[in-house]
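Remarks on the structure that follows.
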Number of protein chains: 2
Amino acid sequence: MAAEKHDVFQAIADPTRRQVLQLLVEQDLPISEIASHFQISRTAVVKHLGVLTEAGLVDSEKIGREKRYHLRPEPLSEVKDWLGFYEQFWENKLTRLKHVLEAEEGRE
Amino acid sequence: MAAEKHDVFQAIADPTRRQVLQLLVEQDLPISEIASHFQISRTAVVKHLGVLTEAGLVDSEKIGREKRYHLRPEPLSEVKDWLGFYEQFWENKLTRLKHVLEAEEGRE
DNA sequence: TCAATATATAACCATTTGGTTTCACTTTAA
DNA sequence: TTAAAGTGAAACCAAATGGTTATATATTGA
């Protein structure tokens, strides 16, 4: 029961949030360090981190006065899986093409 | 120069729009037919189709009084490509683990 | 020709989103 | 012990989002 308020698709819809995820690929980072990579305020970055947390894409740990964020890419598999859906599209196209070709042969 | 106002990531952020795309995998469909699959008004569906069009994920053709929509899955490759980014994450982890193991060996 | 079908468009609305500024609290280091 | 660093959280704002209803226009078929 993850009870994730924010959906993964929504979480990655924002370009700033996608950049945050990219940053965390290299290493875990505290809020202020993450914020230093963007023009927007630290508060705005914190909100983005909140969305990413709710989507399960990051988690965090308080160390001293810092709060370090860590990448959790697992939920992205939902996106990856969904993306596969349109392979059916190409299969359908091939099937129709095959029917057309068979009809052509029949006429010859 | 596609000049696409809506980004693909944003286009697929909405669950209704994802369902519309799935519908169009099977076959091209006119607006009213698409709308009949949802509870929301036809006008609302038309707006979703507008977003999908701007993202290049569908196109349409007016046939008589109908406007038939057609799936264009190509832009989804941008999402697929982006998704690959976090493979670097696993590579990083493996590299670090390797270092730890080498240090262990050195101590023995 | 005329009603039914399909779409287009405008005006409007509530909520969400992405941002801001301000102030308070906790931890660290000199 | 006190200033600086790092974070938390509230209040506020404009614009975008996802929806509605109402009205107009174009096409078809009997």
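Letters go in sequence order (proteins before strands), and every chain restarts at 1.
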Could you tell me the separation between the CZ atom of Arg68(A) and the P atom of dG8(D), rounded to a whole number of Å? 14 Å
Tell me, for nucleotides 17-30 of chain C in 5' to 3' order, what letter each nucleotide earns: B for a base near a protein heavy atom under 4.0 Å, S for only sugar-phosphate near one, - for neither? SSBBB-----BB--
Taking ring pair (Phe, Tyr, Trp, His ring centres under 6.0 Å) as the test, write out the residues that go with Phe85(B), two or more places apart. Trp82(B)
Could you pull out the closest heavy-atom pair between Val25(A) and Phe89(B), with the gap in Å? CG1-N, 3.7 Å
Who are the salt bridge (Lys or Arg N to Asp or Glu O under 4.0 Å) partners of Asp28(A), not counting sequence neighbours? none
Could you give the CG-to-C1' distance, from Asp7(A) to dT16(C), as a whole number of Å? 14 Å
May I ask you to list the residues of residues 23-33 of chain B, by number, that have any heavy atom positioned under 4.0 Å from an atom of DNA chain D? none
Closest heavy-atom contact between Asp7(A) and Ala13(B)? OD2-O, 4.2 Å
Could you tell me whether the side chain of Arg17(B) and the main chain of Ile12(B) form a donor-acceptor pair under 3.5 Å? no
CG/Leu76(A) to OH/Tyr86(B) distance, rounded to the nearest 0.5 angstrom? 5.5 Å
Less than 3.5 Å apart, which donor and acceptor atoms pair up between the side chains of residues 36-47 of chain B and the rest of the protein, not counting sequence neighbours?
{"from": "Ser36(B)", "atom 1": "OG", "to": "Glu33(B)", "atom 2": "O", "distance (Å)": "2.6"}
{"from": "His37(B)", "atom 1": "ND1", "to": "Glu33(B)", "atom 2": "O", "distance (Å)": "3.0"}
{"from": "Ser41(B)", "atom 1": "OG", "to": "Ala44(B)", "atom 2": "N", "distance (Å)": "3.2"}

Extract all donor-acceptor atom pairs below 3.5 Å that involve side chains of residues 56-66 of chain B and protein atoms in other chains or at least two apart in sequence.
{"from": "Asp59(B)", "atom 1": "OD2", "to": "Arg72(B)", "atom 2": "NH1", "distance (Å)": "2.6"}
{"from": "Glu66(B)", "atom 1": "OE1", "to": "Arg68(B)", "atom 2": "NH1", "distance (Å)": "3.1"}

Whole-Å gap separating C1' (dG8(D)) and CG (Leu49(A)): 13 Å
